[in-house]
Amino acid sequence: MNLEELSGLPPGAVSHFQQEGIESLYPPQAEAVEAGATEGENLVAAVPTASGKTMIATLAMLSAVERGGKALYIVPLRALASEKKAEFDAFESFGVTTGVTTGNYESTDDWLATKDVIVATSEKVDSLVRNGADWLTDLTCVVSDEVHLIDDRNRGPTLEVTLAKLRRLNPALQVVALSATVGNADEIADWLDAELVHSDWRPIDLRMGVHYGNALEFDDGSTREVPVEGSEKQEAALVRDILQEGGSSLVFVNSRRNAEAAARRLGGVSRRELTDEERTELADLADEIREDSDTETSRDLADCVERGSAFHHAGLSSTQRSLVEDAFRDRLLKVISATPTLAAGVNTPARRVIVRDWRRFDPSAGGMAPLDVLEVHQMMGRAGRPGLDPYGEAVLLANSHDDREELFDRYVWADPEAVRSKLAAEPALRTHVLATIASGFARTREGLLEFLEATLYASQSSEAGRLERVTDEVLAYLERNDFVARSGGGSESDQDTGAFTAAADLAESTDEDLEATSLGHTVSRLYLDPMSAAEIVHGLEGADERPTALGLYQLVSRTPDMYELYLRSGEDEKFGELFYEREAELLGDPPSEYEDHRFEDWLAALKTGKLLADWAAEDDEEALTERYKIGPGDLRGKVDTAEWLLGAAESLAREIDSEWTVAVREARARVEHGVSEELLELVSVRGVGRKRARQLYAAGIEEPADLRTVDKGVVLGVLKGEKTAETILENAGREDPSMDGVEPIEPDGTVATGGSSGGDGDGGSSTTTTDDADDNQSSLGDF
DNA sequence: CGTGAATACACCGGTAACCCAGTTC
DNA sequence: ACCGGTGTATTCACG
């Protein structure tokens with residue numbers, strides 16, 4: 001279908017696409033248009049990755065906007081939100097505006113109300129619904145990207161419930177669901193009352209194959225000699241083979257350690273194919289990575305990058321991840337070995353994708369369990385760079401003849417699994433039942449069940465009554481913890497907040513009104529798992545003395561909203577000791593030591609809490625990543641989550657009139673900035689992070705007011721760079737921030753003569769060399 | 001024949017990832 | 001279940 005045949009788009013849209021080199025629609029896109037994508041029809045598009053799904057969504061959204069409406073694009077990852085936003089920003093050339101909102105982007109509702117297209121994560125949308133954002137009712141089109149994630153145990157139910165709520169809010173809403181090819185796209189379409197566009201068409205051909213011995217055999221019957229030389233591994237041979245033709249590769253492995261080891265080895269392959277120019281560019285990139293954070297992980301990564309290879313996993317900082325992704329997309333990096341993060345994340349296509357590990361450790365399976373077909377297909381779908389490769393190759397590695405057969409059967413010929421709703425799991429329902437009641441979507445048990453009838457779960461459920469049963473259990477739990485009350489009847493809850501496991505004492509009465517208590521409303525709005533809230537409330541209520549930071553950190557670390565560190569061998573002893581030393585500080589009731597599982601969890605939370613406490617005691621990144629055997633990205637993640645949970649804890653403390661609100665706020669501020677109590681004032685000045693604050697403090701500057709009055713030489717002596725010092729003084733509100741002619745006074749009191757870096761007078765450049773060292777002071781605080 | 005380096009082998013430890021708040025004096 | 005890292009045994013090149 002030719003672009004010009006399209007109607008209903010904003011004027012200028014078609015020529016915009018033509019300028020981008022798009023002349024006609026791909027077959028699935030044309031099918032989508034025929035199915036009514038541009039006319040407000042509901043649509044499920046189950047098509048392979050990288051076959052132009054976004055364009056289908058774009059056509060629907062733009063036509064909705066042209067009809068005077070407003071569109072929402074739901075993504076599963078923050079990184080994807082930024083990626084889509086950047087893509088949609090181009091619509092501005094014909095007057096369509098885009099906004100993003102995710103947990104880390106601050107944005108106010110009213111600002112979003114003015115945008116035509118809004119990009120958000122599913123959790124953010126859920127949260128917006130809970131908080132009753134007005135503009136949600138203005139929506140006329142919602143796109144759900146990667147809708148097959150409904151299958152995900154943790155996050156799937158959120159997406160499912162959110163879609164159901166959006167549709168209930170606005171029955172005329174057009175729903176466009178984009179999915180990978182899955183086993184039961186028709187069921188999803190039924191659920192959404194949507195037309196189904198199902199296609200295996202790809203703009204670039206994808207060849208799937210298995211490598212065994214010295215041969216690579218493809219699904220179309222063709223073979224290719226890829227000999228394994230000497231002691232090298234299969235993946236090295238495959239990477240070398242394609243690199244000699246100028247193609248990059250992506251290697252998927254099943255653990256971080258494997259990713260790092262593979263990248264190290266593959267660097268030996270890629271380094272041989274680099275031009276001098278690439279070598280210098282890679283050296284620069286390596287420096288950027290080292291500057292971003294000074295940790296062993298960073299150094300290892302930088303060493304690989306210098307040789308044209310990289311590893312990629314969630315232990316990397318987000319900056320490092322983007323650096324690697326961008327350099328790979330720019331063809332500077334020749335190979336990435338990655339954990340599955342990369343398959344789900346931003347677009348990083350490669351000529352050849354190698355799925356080395358197709359089994360993953362899964363304790364519940366008692367060992368290694370094979371990956372889902374869907375997951376492997378997602379990885380393989382990364383093969384083939386549009387415009388660069390004639391076709392993409394996806395290769396599985398076999399180490400025996402039997403393996404070879406199995407891989408063909410299991411992954412090459414196999415159809416992906418069906419998507420199954422996970423809504424009836426108790427943890428998921430706990431949070432969504434409360435939210436549904438709190439935000440007024442349901443006011444009675446019947447209303448609640450009726451609402452749940454509108455979910456995919458209900459349309460799939462074979463086990464009648466299961467949802468109802470779990471719902472009752474969850475309601476009982478919510479009532480017991482004073483999040484929900486039944487009005488009319490005796491609504492006094494039994495106050496046994498200590499019982500965190502739902503007993504089966506179900507509520508018999510059926511026709512009373514359900515209502516969220518004030519506490520329940522708060523919990524729902526704060527986006528907390530009710531169980532987390534109960535744990536926090538209980539911990540705070542039980543505190544007789546002012547809780548310490550460690551106590552609060554351990555408390556939030558043991559909630560289900562914190563993904564805690566686990567104990568390594570020997571650490572149970574180490575943290576057992578810490579537990580006995582600091583037991584008095586911990587909040588709530590510790591489980592008995594004989595309850596193995598629960599005690600271990602408690603210690604694991606203590607470990608996580610201690611990590612946060614160490615961070616707030618100003619230990620540096622290098623020491624922490626080393627001590628806890630984690631990457632910079634993990635540290636950042638924990639700090640982030642703790643910040644959020646302690647913020648929520650502060651609201652809860654206010655809600656229950658706890659006397660420890662201030663203690664919670666302080667603990668939160670300390671973890672946010674990574675500083676001791678005494679530096680809290682200083683870090684409130686913009687440009688002052690944990691390191692600079694400590695240095696200023698050591699020089700006698702204890703609060704922002706001191707920055708306004710102290711001898712400027714002292715500030716310069718501490719902060720080195722003149723520009724830095726000026727900016728900070730300005731941010732502190734000093735009248736005369738200029739550093740012109742100021743001589744630095746070193747912390748030891750001596751007046752440094754301007755000669756320390758060459759003695760070229762007191763011009764602005766004399767201190768630039770020391771600036772770099774100072775810059776990474778904010779490496780973590782700045783994200 | 002002795003030294004140090006390269007290779008071979010056995011054993012042990014450890015195992016992916018994601019999202020998220022409303023408000024105040 | 002399996003990989004990579006580590007520590008130790010074995011082999012080999014060479015003076």
Side-chain angles (χ1 to χ4, degrees), chain A residues 74-81 101-109 120-128 130-133 146 149 152-159 162 230-231 233 235 252-262 264-265 312-316 318 321 338-345 356-363 365-372 375 379 399 431 435 521-529 532-533 556 559-563 566-571 629 631 633-634 637 640-652 654-655 661 665 668:
Chain A
I74 305 176
V75 290
L77 264 54
R78 290 176 182 177
L80 288 175
T101 172
T102 64
N104 60 347
Y105 281 95
E106 295 187 18
S107 53
T108 54
D109 289 356
T121 55
S122 31
E123 284 77 9
K124 185 66 188 191
V125 178
D126 186 15
S127 158
L128 288 165
R130 295 183 188 196
N131 288 291
E146 314 280 352
L149 288 174
D152 185 280
R153 187 156 290 286
N154 301 311
R155 301 182 56 206
T158 302
L159 180 56
T162 301
S231 62
K233 305 245 177 184
E235 65 265 25
F252 285 104
V253 298
N254 65 2
S255 75
R256 293 179 177 190
R257 196 175 54 163
N258 288 352
E260 295 184 12
R264 212 169 300 135
R265 283 194 307 266
H312 187 288
H313 57 62
L316 303 184
S318 53
R321 277 202 249 179
T339 56
T341 358
L342 198 63
R356 192 193 78 176
D357 301 335
W358 52 280
R359 283 190 263 243
R360 168 173 48 223
F361 180 75
D362 178 3
M368 301 299 265
L371 301 186
D372 282 351
E375 217 173 339
M379 297 176 189
N399 34 28
T431 192
H521 273 289
T522 303
V523 171
S524 169
R525 281 204 311 269
L526 290 170
Y527 211 75
L528 283 176
D529 183 329
S532 296
V556 296
T559 64
D561 278 309
M562 176 77 90
Y563 185 76
Y566 61 88
L567 296 175
R568 291 163 183 275
S569 63
E571 285 189 335
K629 304 257 188 313
D634 302 302
D640 214 52
T641 310
E643 231 178 284
W644 162 55
L645 284 173
L646 287 162
E650 190 190 332
S651 301
L652 288 176
R654 252 199 310 270
E655 178 74 39
T661 312
R665 185 184 327 168
R668 195 202 74 89

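To find a chain, count down the sequence lines: A is the first, B the second, and so on, and within it residues start at 1. What you see is a predicted model, and the numbers here were worked out from it, not measured in a lab.
When distances run from any side-chain atom of A:Arg356 to the nucleotides B:dA16, C:dG4, B:dG13, the shortest one goes to C:dG4. Looking at the side chain of A:Ser569, the nearest of the listed nucleotides B:dG13, B:dC18, C:dG5 is B:dG13. Proximity note for A:Ser255 (side chain, C-beta onward) versus B:dA16, B:dC18, C:dG4: the nearest is B:dA16. Of the candidates B:dA17, B:dG14, C:dC3, the closest approach to any side-chain atom of A:Ala314 belongs to B:dA17. Listed nucleotides B:dC19, C:dC3, B:dA21 differ in distance to A:Arg257; the shortest reach to its side chain belongs to C:dC3. Residue A:Tyr563 has its side chain nearest to B:dC18 when only B:dC18, C:dG5, C:dG4 are considered. In this structure, of B:dA21, B:dC18, C:dG5, it is B:dA21 that holds the atom nearest to the side chain of A:Tyr527. Of the listed nucleotides (B:dA21, B:dA17, C:dA1), C:dA1 has the atom at the smallest distance from the side chain of A:Met368. The side chain of A:Ser127 has B:dA21 as its nearest neighbour among C:dG4, B:dA21, B:dA16.
The shortest heavy-atom contact between A:Arg359 and A:Pro370 is CG-CA, 4.0 Å. A:Leu645 and A:Leu528 make their closest contact through CD2-CD2, 3.5 Å (heavy atoms, listed as atom of the first residue, atom of the second, distance).
Going from atom CD of A:Glu655 over to atom P of B:dT23 covers 11 Å, rounded to whole Å. Atom CG of A:Asn254 is separated from atom C1' of C:dA1 by 10 Å (rounded to the nearest Å). Computed from coordinates, the A:His312 NE2 to B:dA16 P distance equals 15 Å when rounded to whole Å. Regarding A:Asn154, its CG atom lies at a distance of 10 Å from the C1' atom of B:dC19, rounded to whole Å. Atom CG in A:Asn399 sits roughly 15 Å away from atom P in C:dA1 (whole-Å rounding). As a whole-Å value, the separation of A:Leu567 CG from B:dG13 C1' is 15 Å. Look at CZ on A:Arg155: it is 14 Å from P on B:dA17, rounded to the nearest Å. Between the CD atom of A:Glu260 and the C1' atom of B:dA16 there is a distance of 14 Å, given to the nearest Å.
The structure places OG of A:Ser651 at 4.5 Å from CG of A:Leu526, a figure rounded to the nearest 0.5 Å. Here the CZ atom belonging to A:Arg130 is positioned 8.0 Å from the OG1 atom belonging to A:Thr162, to the nearest 0.5 angstrom.
Distances shown here put a side-chain N or O of A:Arg321 below 4.0 Å from the OP1 or OP2 atom of B:dC18. An OP1 or OP2 oxygen of B:dA21 is reached within less than 4.0 angstrom by a side-chain nitrogen or oxygen of A:Lys124. The side chain of A:Arg256 contributes no N or O atom lying less than 4.0 Å from OP1 or OP2 of C:dG4.
Within the nucleic acid shown, A:Arg265 comes within 4.0 Å of sugar-phosphate atoms alone, with no base atom in reach, counting heavy atoms only. Residue A:Ser122 is out of contact with every strand shown, counting any heavy-atom pair closer than 4.0 Å. Note on A:Gly647: a base of the nucleic acid sits closer than 4.0 angstrom, heavy atoms only. Within the nucleic acid shown, A:Glu375 comes within 4.0 Å of at least one base atom, counting heavy atoms only. Residue contacts shown for A:Asn258 are limited to sugar-phosphate atoms, with no base heavy atom under 4.0 Å away. Contacts of A:Arg360 with the nucleic acid, taken as non-hydrogen atoms under 4.0 Å apart, include base atoms. Across all strands shown, A:Lys629 has no heavy atoms under 4.0 Å from either base or sugar-phosphate atoms. The residue A:Pro76 sits close only to the backbone: its heavy atoms come under 4.0 Å of sugar-phosphate atoms, none of a base. Here A:Asp357 lies out of heavy-atom contact (under 4.0 Å) with every strand. A:Arg130 comes within 4.0 angstrom of nothing in the nucleic acid, heavy atoms only.
The existence of a salt bridge linking A:Arg155 and A:Asp126 is excluded, since no basic side-chain nitrogen approaches an acidic carboxylate oxygen closer than 4.0 Å.
Mapping A:Thr341 and A:Ser651 onto DNA chain B by nearest heavy atom places A:Thr341 at the nucleotide closer to the 5' end.
For A:Thr158 and A:Glu123, the side-chain atoms include no donor-acceptor pair closer than 3.5 Å. No side-chain N or O of A:Tyr527 forms a donor-acceptor pair with one of A:Asp561 less than 3.5 Å apart.
Rounded to a whole angstrom, the distance from the P atom of B:dC18 to that of C:dA1 is 29 Å.
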